[in-house]
J.: 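Sharing a structure with you now.
Chain naming here is simple, since letters A, B, ... match the order of the sequence lines and numbering starts at 1 in each.
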Protein chains: 4
Amino acid sequence: MPRATFFNLPADKRQRIIEVALEEFAERPYDQASISRVVSRLGIAKGSLYQYFDGKRELFTWLVEEAGRKKLEAVSATPPPTGADLYARLRWLYAQGLLFIAASPRWARVALRSVEPSLDPEISRLRASSEAAAQAFLREQLARGQEEGSVRGDLSLELVVPLVHGLLSEGLMRAFLARAGVTDPLDPAAQSLGREDALAVVDAALSLLERGLRRGAP
Amino acid sequence: MPRATFFNLPADKRQRIIEVALEEFAERPYDQASISRVVSRLGIAKGSLYQYFDGKRELFTWLVEEAGRKKLEAVSATPPPTGADLYARLRWLYAQGLLFIAASPRWARVALRSVEPSLDPEISRLRASSEAAAQAFLREQLARGQEEGSVRGDLSLELVVPLVHGLLSEGLMRAFLARAGVTDPLDPAAQSLGREDALAVVDAALSLLERGLRRGAP
Amino acid sequence: MPRATFFNLPADKRQRIIEVALEEFAERPYDQASISRVVSRLGIAKGSLYQYFDGKRELFTWLVEEAGRKKLEAVSATPPPTGADLYARLRWLYAQGLLFIAASPRWARVALRSVEPSLDPEISRLRASSEAAAQAFLREQLARGQEEGSVRGDLSLELVVPLVHGLLSEGLMRAFLARAGVTDPLDPAAQSLGREDALAVVDAALSLLERGLRRGAP
Amino acid sequence: MPRATFFNLPADKRQRIIEVALEEFAERPYDQASISRVVSRLGIAKGSLYQYFDGKRELFTWLVEEAGRKKLEAVSATPPPTGADLYARLRWLYAQGLLFIAASPRWARVALRSVEPSLDPEISRLRASSEAAAQAFLREQLARGQEEGSVRGDLSLELVVPLVHGLLSEGLMRAFLARAGVTDPLDPAAQSLGREDALAVVDAALSLLERGLRRGAP
DNA sequence: GATGAATGAGGGTTCATTCAT
DNA sequence: AATGAATGAACCCTCATTCAT
């Protein structure tokens, strides 16, 4: 989504622009983030930023996409468990997600911005589709779980998917950050969070989930 | 938080002010909501609003508190089940909460605004304390559940509380609204949501929770 | 179209605002006119002008309407000839119009701005309707002339109306200003134009028209 | 007015530049037209355009001149009537002009841009001289008509020329476009206008004129 | 000959708050 | 108690032109 101009920039300058913009959009929801602040922190002319990006929307959506790519990359770094059931798969996946937060809190924050509401209608559309994609993914997983027999077949996915979504998105995140006594992924104290924290939190969430969802005795 | 002048106002005028302000702050996050729009919709002088409230912050926080009171009032209207265990208590409580959303979507929305982030530091503090209160309440309930024996004693509440919070806040809300094919409590279609929807959703959430948390076989 | 604020202003301040805005919009077509320049010439804050008018469009359209009112007022000052035929009526009317240009060149200029094209779609609509009204008026006059017998009945008004419109709008104006050796009504030299100039020009135009349109020998 | 570099360009590239610039300046008045948009549509570097033309002004004036040349060329394609009087000559000439509008609406539009006012003083001068040239031409024709005896000798050309100019410029154009139910030569519906329309409109205008101007009974 | 990044002033508009009346 | 005019910085975005490469 950036213009060619942006990629022709010297790597270090491009990097600085990304960093400053990332900081701005990580710290503030889309509507509050300010292009003026970005350029003033960068010490470049306002028009220059408009050479690189068509506007605020494009800059934001590109950052969000970039965040998605970085997250995917980070998640893919560790190979997924093979021959595992639903709970093992989710355990692995969400642990990776938490580790991404600890490793790249600002990118993670920007990724989360994509599910925040906005007054800008186009950004709202982005939000809606992000949310829908997340739920669709969960639904697919749980449906597969039902086929595998690891999720009770009598559960209505219509009801369960959003509930699980709440548990594994906001719930998991809150539990993870709480281990550092923190509420916000950008809080410096969140940097102390590591692999063990992620695993502990995900374990708690998934054993709760497994007991709750699996057929028969837990 | 309003000044004395506000309460000296004729009741109907006071009421209109509340309604218009409510509408504004229900529709937009704190930072986007506009005092200018409120007074212009009211057709009163800007200065007048500043006679009633010290400023935007005070108006907002008062609305949020008022929303809390209205919710409490609504929840208290039905007597809680007596002699019930944790799950029955929560079932009752959260069902009331969902019904409040359906009955007073704008007040419910304003109540939710209190957990949204803001650029205003004082509003952020409000947010933090709201979140903390919600978690404290849950922790107390779950701790009592452990004493009662309805929650496994080996669970770390540090981990479980935020998870359950995610399930019962965002998860429950999403599941409820999804029954009307909706994402936003202010969406007119959300008005079709009724008692059965609330009960169905809360049942699903709490049976998931009970299986997940209760000691022994589910 | 101004807000109440504007009319509550001290008369002299209101007058200054009108004068400066009038000057700006007389000198430049809508798209080139600048609110920034207006407030800077006025020495008031930008926000203040937005207290008086909803925006550039409203300021412009109000000025145009005001110009129309002033012109109507000026035209109505002299009573129209009674018992006159088409040509006498038009002679009187257009002479009044020219005198208005000489008397209030800036208001006249703003009135003409309403038939200039603009990139703003709402302003374009204003333009279209102004043009249509002007032609509708002429068509009605000429149709009446045909009924009276002062215009040849075999003429197609579809063809004749726009032609006459060109003659009596741009043509008449150019001829009038040319008498002061000028092209622009705002040129100071245009102030020397008076009643005799208007009558001479209108006479020339209408005798040309009468010969051209009247049935039988001129 | 273009630099040598422009003419050294491969013909097809030069052609594309002309087309895109033509489109821009046909669609918007000089002050609104944008060099940025032109180069962006062309997909060439901004600096390149500045190699071909000294700037916006030069590009525009060259296009206007080019439009004049194209019009002259088109008009000259059909030989003028020989041995004809003033009215026949003008009939032929203006019919050619209207046909040029139908055949090359964008070039025609750019030609008309030259008589629009602008904030740029140099462009204003261009406008003034275009207008003056048009009137001078008409004056010469009408003067010849007086010598020929086809225009009444008692008419003051000072008065009549601008009037006839209004009739044959704006009036004729309006009448022509009105036959397609259109106001703007670039409106696609204007493409339906053909030879018969042009002749009908010019006939109406010139018979009006002839009756109005010729000595003796019409 | 071609490039295209950089500029920086300018555009219209919105806002919460103050304070003299 | 009520008013509402005034502020002025902030918002996003566009532009013609330059000049080092």
J.: In dot-bracket form, 5' to 3', how is DNA chain F paired? Count Watson-Crick and G-U wobble pairs only if both distances fall under 3.5 Å, and write | where the partner sits on another strand.
T.: .||||||||||||||||||||

J.: From the list F:dG8, E:dA2, F:dT3, which nucleotide is the closest neighbour of the side chain of C:Ala45?
T.: F:dG8

J.: For nucleotides 16-21 of chain E, read 5' to 3', which letter fits each nucleotide if B means a protein heavy atom sits under 4.0 Å from the base, S means only the sugar-phosphate is that close, and - means neither?
T.: BBB---

J.: Is the backbone of D:Ala26 close enough, under 3.5 Å, to the side chain of D:Arg113 for a donor and an acceptor to pair up by distance?
T.: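 Side chain of D:Arg113 to backbone of D:Ala26, a donor-acceptor pair under 3.5 Å: yes, one is there.
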
J.: Rounded to whole Å, please give me the gap between CG in C:Leu49 and P in E:dT13.
T.: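 In whole Å, E:dT13 P lies 10 Å from C:Leu49 CG.
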
J.: Look at the side chain of C:Ile44 and decide which nucleotide, out of F:dT7, E:dA2, F:dT3, has an atom nearest to it.
T.: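 Per side-chain heavy atoms of C:Ile44, the pick is F:dT7.
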
J.: Can you tell me the distance, in whole Å, between the CZ atom of C:Arg28 and the C1' atom of E:dG11?
T.: 13 Å

J.: So do D:Leu59 and D:Phe25 actually touch side chain to side chain, heavy atoms under 4.5 Å?
T.: yes

J.: Between atom CG in A:Leu119 and atom P in E:dT14, what is the gap in whole Å?
T.: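 Computing the A:Leu119:CG to E:dT14:P distance gives 14 Å.
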
J.: Could you note down all residue pairs passing salt bridge (charged side-chain N to carboxylate O under 4.0 Å, His left out) where residues 2-21 of chain C supplies at least one of them, sequence neighbours left out?
T.: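 For residues 2-21 of chain C, and leaving out neighbouring residues, the salt bridge (charged side-chain N to carboxylate O under 4.0 Å, His left out) pairs sorted by first residue read C:Arg3-C:Asp54.
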
J.: Take the protein atom CZ of D:Phe53 and the nucleotide atom C1' of E:dG1, then report the distance between them rounded to whole Å.
T.: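 After rounding, the reported distance stands at 16 Å.
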
J.: Round to the nearest Å and state the distance from C:Glu122 atom CD to E:dG12 atom C1'.
T.: 15 Å

J.: Determine whether the aromatic ring centres of residues C:Trp62 and C:Phe6 are separated by less than 6.0 angstrom.
T.: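 Yes, close enough.
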
J.: Taking the side chain as every heavy atom from C-beta outward, state whether C:Asp31 and C:Ile123 have any pair of such atoms under 4.5 Å apart.
T.: no

J.: Counting the atoms with a prime plus P, OP1 and OP2 as sugar-phosphate, which does B:Asn8 contact under 4.0 Å by heavy atoms, base, sugar-phosphate, or nothing?
T.: nothing

J.: Could you tell me how far apart A:Phe60 (CZ) and F:dC12 (C1') are, to the nearest whole angstrom?
T.: 16 Å

J.: A cation-pi test, strictly: NZ or CZ of C:Lys56 under 6.0 Å from the centre of the six-membered ring of C:Tyr30 and no more than 45 degrees from its axis. Yes or no?
T.: yes

J.: Whole Å only: how far is the CD atom of C:Glu58 from the C1' atom of E:dT13?
T.: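 Distance check: C:Glu58 CD to E:dT13 C1' gives 12 Å.
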
J.: Answer yes or no: is there a donor N or O on one side and an acceptor on the other, between the side chain of C:Ser118 and the main chain of C:Ser124, under 3.5 Å?
T.: no

J.: Whole angstroms only, please: what is the CD1-P distance between B:Ile17 and F:dA1?
T.: 14 Å

J.: Can you tell if the side chain of C:Arg109 reaches within under 4.5 Å of the side chain of C:Asp184, non-hydrogen atoms only?
T.: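 C:Arg109 vs C:Asp184: side chains touch.
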
J.: Base, sugar-phosphate, or nothing: which does A:Ser48 touch, judged by heavy atoms less than 4.0 Å apart?
T.: base

J.: How would you label the contact of D:Phe6 with the nucleic acid (heavy atoms, under 4.0 Å): base, sugar-phosphate, or nothing?
T.: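 Nothing: the residue D:Phe6, judged by heavy atoms under 4.0 Å, touches no strand.
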
J.: Donor-acceptor pair, D:Glu24 side chain versus D:Ser34 backbone, under 3.5 Å?
T.: yes

